[in-house]
**Student:** 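I'd like to ask some things about the structure below.
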Amino acid sequence: MLAPARPHHPLFNLRTAHALALLVPLGLLGGAIGSQLFGGLVPCEMCIWQRWPHGVAIALALLAVPMNGVRRPLVILAALAIAVSGAIGVYHAGVEADIFEGLTTCSSNSGGTLEDLLAVPVVRCDAVQWEFLSISMAGWNAILSLGAAFLILLGARKGRA
């Protein structure tokens with residue numbers, strides 16, 4: 001006798017994974033940029049590093065919309081990019097907690113002349129600028145990015161379109 005088919009959870013499908021692969025990095029990147037533009041927070045170098053993989057994930061998820069034949073691999077790549085941002089967030093949170101050594105040389109996310117460089121506020125990567133529930137922005141990025149990447153990979157692996 002055949003066992004009854006296990007019902008698929010609606011969260012674990014490719015369509016939901018694809019939506020998460022787009023919405024999670026949009027939300028996290030939007031929150032980071034919003035905190036800079038509207039909240040007055042100035043990102044350190046490692047904060048900027050965390051933004052790039054989210055941008056890549058957004059591009060991959062958008063590219064997957066018209067390319068149904070390669071949708072699953074693009075969603076998986078987007079999940080991996082989100083996980084990279086989360087891994088950088090783990091390292092950054094570790095620097096903030098004095099677990100890891102941070103940047104040991106002068107760093108700036110501003111280019112141009114010496115006057116431009118001197119006009120930019122100095123932001124240390126080991127200083128927490130904002131926290132919620134005793135977790136910094138880098139820590140939240142790590143938690144949310146790694147959790148979302150796991151769910152996206154699970155949905156892309158098991159899911160149907």
Side-chain angles (χ1 to χ4, degrees), residues 16-67 70-157:
T16 304
H18 188 190
L20 282 174
L22 180 61
L23 296 176
V24 168
L26 271 173
L28 291 173
L29 190 56
I33 292 170
S35 72
Q36 180 180 348
L37 297 176
F38 305 113
L41 299 180
V42 179
C44 72
E45 189 71 16
M46 283 196 274
C47 292
I48 299 296
W49 294 350
Q50 293 171 78
R51 294 178 184 190
W52 285 102
H54 284 309
V56 169
I58 292 166
L60 289 166
L62 287 173
L63 186 62
V65 171
M67 304 183 85
V70 291
R71 184 179 191 191
R72 187 177 313 272
L74 290 172
V75 168
I76 289 170
L77 286 173
L80 294 176
I82 295 167
V84 166
S85 180
I88 297 168
V90 167
Y91 178 68
H92 189 183
V95 168
E96 292 171 337
D98 292 325
I99 296 170
F100 307 121
E101 185 176 344
L103 300 173
T104 58
T105 59
C106 185
S107 171
S108 171
N109 51 29
S110 172
T113 66
L114 181 58
E115 288 177 2
D116 293 338
L117 185 61
L118 293 174
V120 174
V122 176
V123 181
R124 296 175 48 108
C125 291
D126 61 352
V128 176
Q129 293 187 56
W130 179 90
E131 64 181 20
F132 178 66
L133 300 176
S134 299
I135 300 173
S136 69
M137 284 183 77
W140 282 112
N141 180 54
I143 293 166
L144 296 172
S145 293
L146 293 173
F150 174 75
L151 289 176
I152 294 164
L153 289 171
L154 195 60
R157 181 182 65 86

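The first residue of the sequence shown is numbered 1, and numbering continues consecutively from there.
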**Student:** Can you give me the closest heavy-atom contact between G89 and A142, atom names plus distance?
**Tutor:**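 Heavy atoms only, the tightest pair is C-CB, 3.8 Å.
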**Student:** What is the distance from atom CD1 of I33 to atom CG of L28, rounded to the nearest 0.5 Å?
**Tutor:** 11.0 Å
**Student:** How long is the gap from CG on L74 to CZ on R71, to the nearest 0.5 Å?
**Tutor:** 10.5 Å
**Student:** For I58, which of L63, I82, L23, L26 qualifies under side-chain contact (heavy atoms from CB on, under 4.5 Å)?
**Tutor:** L26
**Student:** To check you understand the geometry: which heavy-atom pair defines the closest contact between A156 and A17, and what is its length?
**Tutor:**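 Shortest heavy-atom contact: N-CB, 3.8 Å.
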**Student:** Quick one: do N141 and H54 satisfy side-chain hydrogen bond (donor to acceptor under 3.5 Å, both in side chains)? Show the steps, please.
**Tutor:** CA-CA 10 Å; N141 180 54; H54 284 309; 2.9 Å; yes
**Student:** Testing the basics here: between A78 and A21, what is the closest heavy-atom pair and its distance to 0.1 Å?
**Tutor:** CB-CB, 3.9 Å
**Student:** For residues I88 and M46, report the shortest heavy-atom separation together with the two atoms involved.
**Tutor:** CG2-O, 4.2 Å
**Student:** Quick one, V56 with W52, criterion side chain to side chain contact (heavy atoms under 4.5 Å, CB included). Give me CA distance, side-chain angles, the key distance, then yes/no.
**Tutor:** CA-CA 6 Å; V56 169; W52 285 102; 5.6 Å; no
**Student:** Looking at every non-hydrogen atom in both residues, tell me the closest pair between A57 and P25 and how far apart they are.
**Tutor:** CB-CG, 4.0 Å
**Student:** Which atom pair, heavy atoms only, marks the closest approach of Q50 to A138?
**Tutor:** OE1-CA, 3.9 Å
**Student:** Could you walk me through whether C44 and H92 pass the side chain to side chain contact (heavy atoms under 4.5 Å, CB included) test, one step at a time?
**Tutor:** CA-CA 10 Å; C44 72; H92 189 183; 3.3 Å; yes
**Student:** Considering the options L22, L20, V70, I152, which one meets the side-chain contact (heavy atoms from CB on, under 4.5 Å) requirement together with V75?
**Tutor:**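 Only one option passes, and that is I152.
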**Student:** Strictly distance-based, threshold 3.5 Å: is any side-chain N or O of S35 a donor or acceptor partner for the main-chain N or O of A32?
**Tutor:** yes
**Student:** Below 4.5 Å, heavy atoms only, C-beta onward: do L146 and F150 meet side chain to side chain?
**Tutor:** no
